[in-house]
Engineer: 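Got a structure here, written out as structure tokens. Questions coming.
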Amino acid sequence: MSRQLLVVSVAETLYALPSELVREITTLPSQVTRLPGAEPSIRGLINVRGQLFPVMDLCHRLRGVPGNEAVDVLVVVSDGKTLGLLVDDVRDVIPMDEPAASVTAPDEADTSVVRGVGHSGEMVVIELDVPKLVRSSLA
Amino acid sequence: MSKYAELFATESRDHLTAMEHALLELESAPADRSALDALFRSVHTLKGMGGAMGYGTVSTLSHAMESLLDRVRSGQESLTPPSIETLLQATDALASAVAASTTGRESALDISTLLTRLAVPAAPAQGTTRVLQIVLDPGTPLPGARAQLIVGRLARVAEIVRVEPDVAGMESAQFTGEFTVQLRSAEAIEVLGDAARAAGFVSSLVEVVPRDEVRQTPLSVDATWNTGDLQAPLQKYVRIESRRLDGLMDLVGELVTMRDRLQVVASRHGDPALDEAVAKAGRLIGELQDGVIGSRLVPVWQVFDRFPRVVREAARAAGKEAVLVVEGREIELDRSLLEQVADPLVHLLRNAVDHGIEPADARVRGGKAVEGRVLLMARRERNSVVVVVADDGRGVDRQRVLAKARRLGWVTDDTEMLSDDEVLRIIARPGFSTAEQVSEVSGRGVGIDAVLAKVRGLGGAVEFSSVEGKGTVFQLRLPVTLAIIPAIIAQVGAESYALPLTHISETVQPAAGALRRVQGRPVFVLRGQVLPLYSLRALVGAAGRDPEGQQIVIVEATDRRAAVLVDRLVGQQDIVVKSFDLVRGMSAGFSGAAILPDGTAALILDAGGLL
Amino acid sequence: MRTMLGDILSQAGFEIVGEAETGAQAVQKYRELRPDLVTMDIVMPDMGGIDAVREITQKDPAAKVLMCSAMGQQALVVEAIQAGARDFVVKPFQPSRVLEAVQRVLG
């Protein structure tokens, strides 16, 4: 059975995340509270309807450069922890089979949080390992 | 009943309801012109209708009411609580008259007393106690001190009987700026109002009728209905699922944030009507908050009463004799906070028996009672509740703690004496134990660190003192409630941080020369005392250089104090503590975040962790 | 701090007749100068503002003393009021607030 994946673009590359882990999609508020000592990919803390959670710049995390154009925030929940992922654009929800186990994405600065590369029709997307991404960032 | 009589009855009922509403509004805001006009219109219409129907009592009574309202509208007389009370009684009588008229019995009603009272302006009787309800402007600095000034001004024109809340209540951070003054004076309300307003920051001042006084005034009309029979004895307590209270608390927390935000937005418009509505809503939200917090409070005995057994069993396992004495069982704490502090308390009690209380023979040799005594006491102090765990045992053996700390390399070799504070810091380090044998009861002596972490996590502080041969005392200072705490908002650059008031002793504008360096470390000299100085800018790694006119916040926890240098202090407010999932690598020293009125999040600086 | 308050007051047309560094000096200067208004820091070296207010108002019940306090010093301010202070202003000073307080005290 194929799964539902949410496709987003980050620095002109398509990434996919299991849609059941995405609680909502919101836009980056104008006010972000800096978190002292956090790694540079963490933009800071945002307030969405009274709930606070940290936001990670996915471009910074995956490519090592800040994603200045990014405004959409995917709110993902894994292991009961909430993290916002800043992306350029939310594209589509697609059905997709299990990704190929081997990962060949040479221009990725960080492949440790990539689960594999998959296809949906013509489209090639890189599936992210969301639980690992959350674990690697949140204490 | 004729068709007209029926129509009259229906229409008058609407007017009577409108009159009652208008009167109740006037009771809280006697100067409300629109309520006065609405009242006048209804009375006037009823007078006309009663006259047209030939109902003498209705038209006479409404005519008398109209005359009084005329005097008020033309400024000859002001609406006082007694006159509002008379109008309310007249409205009730009018309702009776309407009901009686439609059945042809209206002449049976005696309205003579009411007519007299409506005709004569009511003067406050000399020597009777009057009650003023005063509300300060939102955001009044040091509202408690301002309220004291207002009471002082009133004391020049009246004899003050009682002020509520009292001085301590006004100084508390929970003081909302709303207070009542009971006084004796024959002065007109305007005179009293002017006197109070001269002290500044008065948002509203109304005279209210003391509740019991209202009841004492008998109705001169024999009421045609009686609600007394409908009143069944009410249940005094209702069971509520705690989850619902938690949900309410969350909602109130958001409402408090929203209130502050609303005030910020409203202040940009400069519309007095909007400001007033927002201020009113703000006060109601404050009351709601107090109510919800109050409904979550439970007496500490609900947890404390389990502890005598804990102590007895610990004593039996250690082969000692000990009894637990509990004091302040009735002191109230937030339910979830009380639950969370239970484990740390069990740990301290077991420690007291295990490490504090001596075996019976040793106690006898030391001239003590055979039975060891462990005291568990709760007491209210300002905005916090202090829980004391004390024993009359052997006290901490400082030499042994020192020796062990030296062995572990935690103190320098030349350290000779340990203060209470240092002892606590050492025994609170994970892995420290002076117990000769690992005891089954208090484990490995670990746990003081867990106790400290837990209490600090709840926004509290732990104090410790011990006298060798006499005993050991732990004091846990806890906030009364978890979710909403008063804090000072400080800024560095454009960033805001919240500093809980529980840990702040004062704020200071540093004088030249008060910032120094001692042995290479920055210090602040406060009234001759040298305190370590931290820069909030450095603590949070914020960019930018220190500007002119920085301020200093003195934070205290346990018996230690430190000075924190900030760029600006922007005010004091109740903050709603929100937790969030911590990010790896984040600086320690922050215990959650608060949402500020503009919707942004501010990190809460944990003074306990800092010290 | 004294100069900043002094600036606000002199710009509003008040004449500063004297300044004191300590509480004892304030009491002494008050006796000599009999000013219309005294502004006093709550916390001062030596005797402190509250004791100074108490001493000044005991000798001259008509003395008009305006306390200057920081946030978080509410208990001290209340004590000062009980000792005879007529009003107070809270740091950081806003000129309008200071002048309003002065008007209330003098008016």
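For the numbers below, each heavy atom of this structure counts, side chains included, while hydrogens, waters and symmetry mates do not. Model, not experiment: these values are computed from the prediction. Chain letters run A, B, ... following the sequence lines, proteins first and then strands; every chain starts at 1.
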Engineer: Any carboxylate oxygen within less than 4.0 angstrom of a Lys/Arg side-chain nitrogen, looking at A:Arg115 and A:Glu127?
Structural biologist: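 Judged by the 4.0 Å cut-off on N to carboxylate O distance, A:Arg115 and A:Glu127 do form a salt bridge.
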
Engineer: Do the non-hydrogen side-chain atoms of A:Asp72 and A:Asp88 ever get within less than 4.5 Å of each other?
Structural biologist: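 With C-beta onward as the side chain, the pair stays apart.
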
Engineer: Sort A:Ser137 into side chain, backbone, both or neither according to what part of it lies under 4.5 angstrom from a heavy atom of chain B.
Structural biologist: backbone

Engineer: Is a donor on one side and an acceptor on the other found under 3.5 Å between the side chain of A:Asp129 and the backbone of A:Val113?
Structural biologist: no

Engineer: Name the region of A:Ile42, side chain, backbone, both or neither, that has any atom closer than 4.5 Å to a heavy atom of chain B.
Structural biologist: side chain

Engineer: Pick one of side chain, backbone, both or neither for A:Ser136, based on which atoms fall under 4.5 Å of a heavy atom in chain B.
Structural biologist: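 Just its backbone gets close to chain B.
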
Engineer: Does the pair B:Arg584/A:Glu39 count as a salt bridge with the N-to-O cut at 4.0 Å?
Structural biologist: no

